[in-house]
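Remember, it's 1-based here, ligands and their atoms both numbered in the order they're listed.
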Amino acid sequence: MIKLKSLEEIELIRQSAQLVSRTLGIISKKVVAGATGLELDRLAEEFIRDNGGKPGFKGLYGFPNTLCISPNNVVVHGIPNDIPFEQGDVISIDCGVLMDGFYGDHAYTFEIGEVSPDKKKLLKITKESLYLGISKFVYGNKVGDISYAIQHHNTISGYGIVRDLVGHGLGRKLHEEPQVPNYGKRGYGKKLLNGMVLAIEPMINLGGFQVFMGKDNSTIYTIDGSISAHFEHNVALVNNKPLLLSTFDFIYEELGIVSNEEDPYKVMANI
Ligand code: MG
Ligand code: MG
């Protein structure tokens with residue numbers, strides 16, 4: 001069953017999502033060659049607890065840490081370790097927060113130093129597809145409209161669209177209905193209604209779409225060893241339009257990136 005949220009509940013989810021955004025912001029300058037996932041994980045946990053939240057992933061489904069750190073051919077759900085990042089790596093970092101009974105959950109893929117043009121393009125297209133998906137999260141559309149927008153943008157670049165993992169509803173639980181696949185048909189699936197809150201999260205591979213789970217029962221790898229990218233935002237449907245609850249602005253501020261990609265989805269109109 002899809003749980004529609006009140007504006008008060010959406011605000012609480014926004015607070016949790018914003019704490020995730022700030023957490024990704026404070027670690028973003030430390031996602032460099034020589035740093036390790038465990039170092040970032042400690043920083044993130046401390047920051048979240050200092051700011052009144054709890055790590056949202058820790059202990060959930062047996063996951064042991066605050067951050068999912070997924071380098072290169074790891075798609076998602078990587079467990080932080082002490083292997084230093086290297087120049088040219090791409091590192092997806094996913095973070096969750098539970099605060100005042102509601103979850104925030106979003107992710108960004110970072111570049112370590114200069115990455116190759118094919119990796120750069122994968123990250124660009126994956127992130128673009130996230131915003132294209134968000135743009136379809138409007139009243140009257142169906143979940144399939146979001147899915148198709150993401151799929152289409154990546155398919156034309158020849159990328160593999162992960163099918164075994166999907167976006168989801170978000171609220172008092174980290175994973176609520178509906179599922180939001182990154183592939184699908186326009187006009188199909190559940191109807192998009194005001195009060196829905198979604199985590200939209202394309203997971204896109206430079207090679208084929210097939211993935212497998214590692215022996216740790218968590219880490220998801222590409223079968224062909226190809227590089228994978230992952231960007232995730234939390235979005236509410238308010239007054240028939242998508243309202244962004246999370247932001248990459250804190251990351252961009254730290255890294256000196258100028259972007260207006262979020263502008264159309266930032267304003268809570270007519271409330
Ligand atoms: Mg996530
Ligand atoms: Mg998620």
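With ring centers used as reference points, His233 lies under 6.0 Å from Phe248.
In the model, Asp105 has a side-chain atom that pairs as donor or acceptor with a side-chain atom of His168 under 3.5 Å. Counting only N and O atoms by type, the side chains of Ser228 and Asn205 include a donor and acceptor under 3.5 Å apart.
No side-chain donor-acceptor contact under 3.5 Å links Glu86 to the backbone of Ala33.
The aromatic rings of Phe57 and Phe63 sit perpendicular to each other, their planes meeting at more than 60°, with 30° as the lower class boundary.
Relative to the six-membered ring of Tyr183, Arg163 meets both conditions, a distance below 6.0 Å and an angle of at most 45° to the axis.
Nearby protein atoms of type N, O or S around the Mg ion (ligand 2) amount to 4 (distance under 2.8 Å).
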